[in-house]
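Below is one structure, written out as structure tokens; comments come after it.
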Amino acid sequence: IHSGYQQFTSTSLAVDAGILYHDEEHLFSASVLMRNMGFQISTYAGEREDLPFDFQLGVTKRLSKAPFGFSVTAQHVHRFDILYNDTTFNNQNNYSVQHQFISKLINHLVAAVHIYAGSYLEGTIGYNQLRRTELNEGETGKGLIGFSAGLRIKLQKLQVLYARSSYQRNISFNQIGITLQLSQFFSPGKL
């Protein structure tokens with residue numbers, strides 16, 4: 001990871017690691033993910049900073065007799081109070097941060113609904129309360145901040161993915177991805 005801001009630069013080394021359990025018979029998946037494990041190699045001004053480590057747990061269950069599935073992911077499991085509190089911004093914008101038990105708990109959860117239209121098309125709608133809370137612009141409204149949607153097209157040898165997320169009011173982030181199964185293109189002996 002490399003970051004540069006004017007004459008200041010920083011370089012880090014990081015790795016993500018995860019395990020996925022998938023039970024095809026019961027249409028159930030569970031996963032464990034550790035993101036941003038690593039350290040800074042060079043710093044901005046000689047002071048080492050921690051990488052934004054995130055320990056996540058997730059489960060997905062597809063309904064057997066309906067074209068729907070549900071996912072819940074717990075993010076930042078290693079730390080309970082994860083809400084960032086910028087008191088200067090909050091005071092200037094007449095915004096208050098709630099630090100109640102339920103708010104702290106809900107901020108860990110990302111929920112999604114999956115819609116399966118046949119075996120080749122999947123749509124997803126998700127909601128991230130932490131993102132919605134942290135990126136709130138005070139009195140100006142929240143728009144679709146915290147909501148996301150995606151579409152996956154599964155073809156014989158590849159998958160095409162599209163996702164749209166809102167981080168600011170009236171501005172969205174779009175991603176396109178392509179997943180290839182190399183075993184479909186090359187024989188196992190040639191890999």
Side-chain angles (χ1 to χ4, degrees), residues 1 3 5 10 12 14-23 26-40 44 47-63 66 68-115 122-151 163-175:
I1 301 169
S3 172
Y5 182 72
S10 176
S12 299
V15 66
D16 299 341
I19 298 172
L20 171 69
Y21 169 78
H22 180 70
D23 184 345
H26 296 100
L27 303 173
F28 174 81
S29 296
S31 61
V32 175
L33 175 65
M34 291 174 281
R35 296 177 54 203
N36 295 320
M37 294 186 298
F39 56 91
Q40 276 186 302
Y44 287 114
E47 184 177 328
R48 295 226 177 265
E49 299 175 69
D50 292 332
L51 296 182
F53 175 74
D54 188 5
F55 178 58
Q56 299 182 354
L57 301 170
V59 294
T60 300
K61 173 67 175 141
R62 183 173 175 176
L63 302 178
F68 298 104
F70 302 93
S71 295
V72 176
T73 302
Q75 57 187 345
H76 304 287
V77 174
H78 60 288
R79 196 174 84 223
F80 186 63
D81 189 2
I82 57 175
L83 189 60
Y84 178 71
N85 186 8
D86 184 343
T87 54
T88 304
F89 174 84
N90 296 343
N91 292 336
Q92 291 174 349
N93 293 284
N94 197 23
Y95 178 69
S96 64
V97 176
Q98 298 177 0
H99 285 282
Q100 299 171 353
F101 176 81
I102 293 296
S103 297
K104 291 178 184 179
L105 183 64
I106 292 173
N107 281 327
H108 284 276
L109 304 178
V110 178
V113 175
H114 307 278
I115 303 163
E122 177 185 339
T124 302
I125 299 169
Y127 179 71
N128 184 332
Q129 176 63 32
L130 177 64
R131 182 179 297 159
R132 187 163 180 85
T133 303
E134 285 189 337
L135 299 180
N136 182 11
E137 299 174 13
E139 306 267 335
T140 62
K142 297 181 181 182
L144 291 175
I145 296 171
F147 288 93
S148 58
L151 185 66
R164 182 176 176 97
S165 301
S166 295
Y167 291 88
Q168 283 180 277
R169 192 167 170 233
N170 300 324
I171 299 174
S172 294
F173 181 67
N174 297 286
Q175 293 177 290

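Being a predicted model, the structure only gives us computed values, none of them experimental. Below, all heavy atoms of this structure are taken into account, side chains as well, without hydrogens, waters or symmetry copies.
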Taking only residues two or more places apart in sequence or in another chain, which ones pass ring-ring contact (aromatic ring centres under 6.0 Å, His included) with [X]?
| X | answer |
| --- | --- |
| Y127 | F147 |
| F53 | H78 |
| H108 | F80 |

Nearest heavy atoms of I1 and A14, plus distance in Å: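 For I1 and A14, the tightest heavy-atom pair comes out as CD1-CB, 3.7 Å.
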
What are the two closest non-hydrogen atoms of A112 and T124, and how far apart are they?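 Nearest heavy atoms, A112 then T124: CB-CG2, 4.0 Å.
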
Rounded to the nearest 0.5 Å, how far does [atom2] of [Y] lie from [atom1] of [X]?
| X | Y | atom1 | atom2 | value |
| --- | --- | --- | --- | --- |
| R79 | D54 | CZ | CG | 9.0 Å |
| N128 | N107 | CG | CG | 8.5 Å |
| H76 | Q56 | NE2 | CD | 7.0 Å |
| F70 | K61 | CZ | NZ | 11.0 Å |
| Q75 | T73 | CD | OG1 | 8.0 Å |
| R35 | L51 | CZ | CG | 12.0 Å |

Polar side chain donor-acceptor pair, S165 to S148, under 3.5 angstrom: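 Short answer, no.
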
Heavy-atom donor-acceptor pair, [X] side chain to [Y] backbone, under 3.5 Å:
| X | Y | result |
| --- | --- | --- |
| R132 | I145 | yes |
| D16 | N36 | yes |
| Q40 | E49 | yes |

L57, CG: over 12 other non-hydrogen atoms inside 6.0 angstrom: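 Yes, CG of L57 has more than 12 neighbouring heavy atoms, counting only those of other groups under 6.0 Å.
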
Taking atom CG as the centre, does D50 end up with more than 12 heavy-atom neighbours from other residues, nucleotides or ligands that are less than 6.0 angstrom away?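 No, not enclosed.
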
Do E122 and H114 touch side chain to side chain, with heavy atoms closer than 4.5 Å?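 Counting from C-beta outward, E122 and H114 do come under 4.5 Å.
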
What residues form a salt bridge (charged side-chain N to carboxylate O under 4.0 Å, His left out) with R131, not counting sequence neighbours?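 Result, salt bridge (charged side-chain N to carboxylate O under 4.0 Å, His left out) vs R131: none returned.
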
For S166, all residues meeting side chain to side chain donor-acceptor pair (under 3.5 Å), sequence neighbours excluded: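 Listed in chain order: S172.
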
Using the test side chain to side chain donor-acceptor pair (under 3.5 Å), find all partners of S29 that sit at least two apart in sequence or belong to another chain.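 Listed in chain order: H22.
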
